[in-house]
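First the structure, in the form of structure tokens, and then the observations on it.
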Amino acid sequence: MSTRLLRDWSFTQVGGGAGTQNGEWLPISKFPTSVHVELLKLKKIPDPFIGLNEWDVQWVGENEWAFKSNFTVAKEEYNSPHVDLVFDGLDTFARVDLNGDTILEYATMFIAYRVAVKKSLKIGANELVLTFESAFLKGRDIEKQHAKFGLWNGDSSRLHVRKAQYNYGWDWGPILMTIGPWKPISLQTYQTRISDLDVRSDVSEALDVTVSVDLTLSSSATCQASFVLKAADGSVIASSTTSTGADNAKANFDLPAGKVELWYPVGYGNQPLYTIEAKLTNEVRVFVTFEDLNCLSYDRSER
């Protein structure tokens, strides 16, 4: 599996305005980012955390913005069985276009999306455009279609929008309706991948620990799945190797009392973290590694 972050980005205010001229694309300073961050670095807006400057930047969240990335795809990447664009987080209402094709419409800042893009992708130059509507104005429209709910602070339309609610203002912070790609965007190519890794722990009355791991593949594949349970210092506690089924593999670790430290609330004991590492291999080829932090816990109130 190969993962490549998209890094060459620019942004514009759709239709032009105080942020950019119409059709003007400005390079961003870093990625991920948001419109306020870039405008502040370009000295196009005052620092909203000083005085009453927040009122001078409300226009940012009430306008439409777009981000664009130009990237190349090698023949080897394109010929992979699966080619996906992975969006870890877009804020908030966005349309995603790849080479002119709409591949995704986004309506929440909290959920990551994976899109198979081979049909729209090209060998060589490609263009990815993210167009963001105003979450404030969109929320007002949604509220008109449904109902106005009661709340104690901020604009009531926020209750219809899956966006960080403090963006609408709180007693400890300004009203800043952020916009933009706030988490990484990557191009992934692979044969098969780990689509889910479920880790469960059970602690008996005798303080024995059973850790069960359930791995799910994106497609059927015959390969070896190895699982390693590691302590915080990297030392190996236990390991297991098994062949995958149609699209899954399982492992169980039975650990006697004292083999691992238990997790306790602050003031009652330590809070150790253990790592489960899962790896798929076919002969000597590594497909992917997936790690999940899992706290082994025990409620001493049951004792």
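Positions are given from 1 along the sequence. None of these values were measured; they are calculated from a predicted model. These numbers come from the heavy atoms of this one structure, side chains and all, not from hydrogens, waters or symmetry mates.
- Using a 3.5 Å distance cut-off with no hydrogens or angles, the side chains of N126 and N99 do pair a donor with an acceptor.
- Contact of the T189 side chain with the N79 side chain is not registered, since no non-hydrogen atoms from C-beta on lie closer than 4.5 Å.
- Applying the side-chain hydrogen bond (donor to acceptor under 3.5 Å, both in side chains) test to every pair with at least one member in residues 61-71, sequence neighbours left out, gives these pairs: Q13-N63.
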Candidate pair W9 and F31, rule ring pair (Phe, Tyr, Trp, His ring centres under 6.0 Å), full reasoning: CA-CA 8 Å; W9 290 91; F31 195 88; 4.6 Å; yes
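- Two residues are said to be in side-chain contact when any heavy atoms from C-beta on lie closer than 4.5 Å; D198 and R200 meet this criterion.
- Both tests pass for K118 against the ring of Y78: distance under 6.0 Å to the centre and angle within 45° of the axis.
- Heavy-atom neighbours of K144 NZ from other residues, nucleotides or ligands within 6.0 Å: at or below the threshold of 12.
- A salt bridge between D155 and R140 is present, with a side-chain N of the basic residue lying under 4.0 Å from a carboxylate O of the acidic one.
- Ring planes of Y113 and Y106: perpendicular class, angle over 60° (limits at 30 and 60°).
- A salt bridge does not link E38 to K44: none of the charged side-chain nitrogens sits closer than 4.0 Å to a carboxylate oxygen.
- For the 3.5 Å distance criterion, the side chains of T20 and T12 qualify, holding a donor opposite an acceptor.
- Residue F71 qualifies as enclosed at atom CZ: its count of foreign heavy atoms under 6.0 Å is above 12.
- Side-chain polar atoms of N167 and T178 form a donor-acceptor pair below 3.5 angstrom.
- Other members of the hydrophobic cluster containing L159, listed by chain and number, are F149, L151; membership follows side-chain contacts under 4.5 Å among ILVMFWY residues, whether direct or relayed.
- For D84 and Y190, the side-chain atoms include at least one donor-acceptor pair closer than 3.5 Å.
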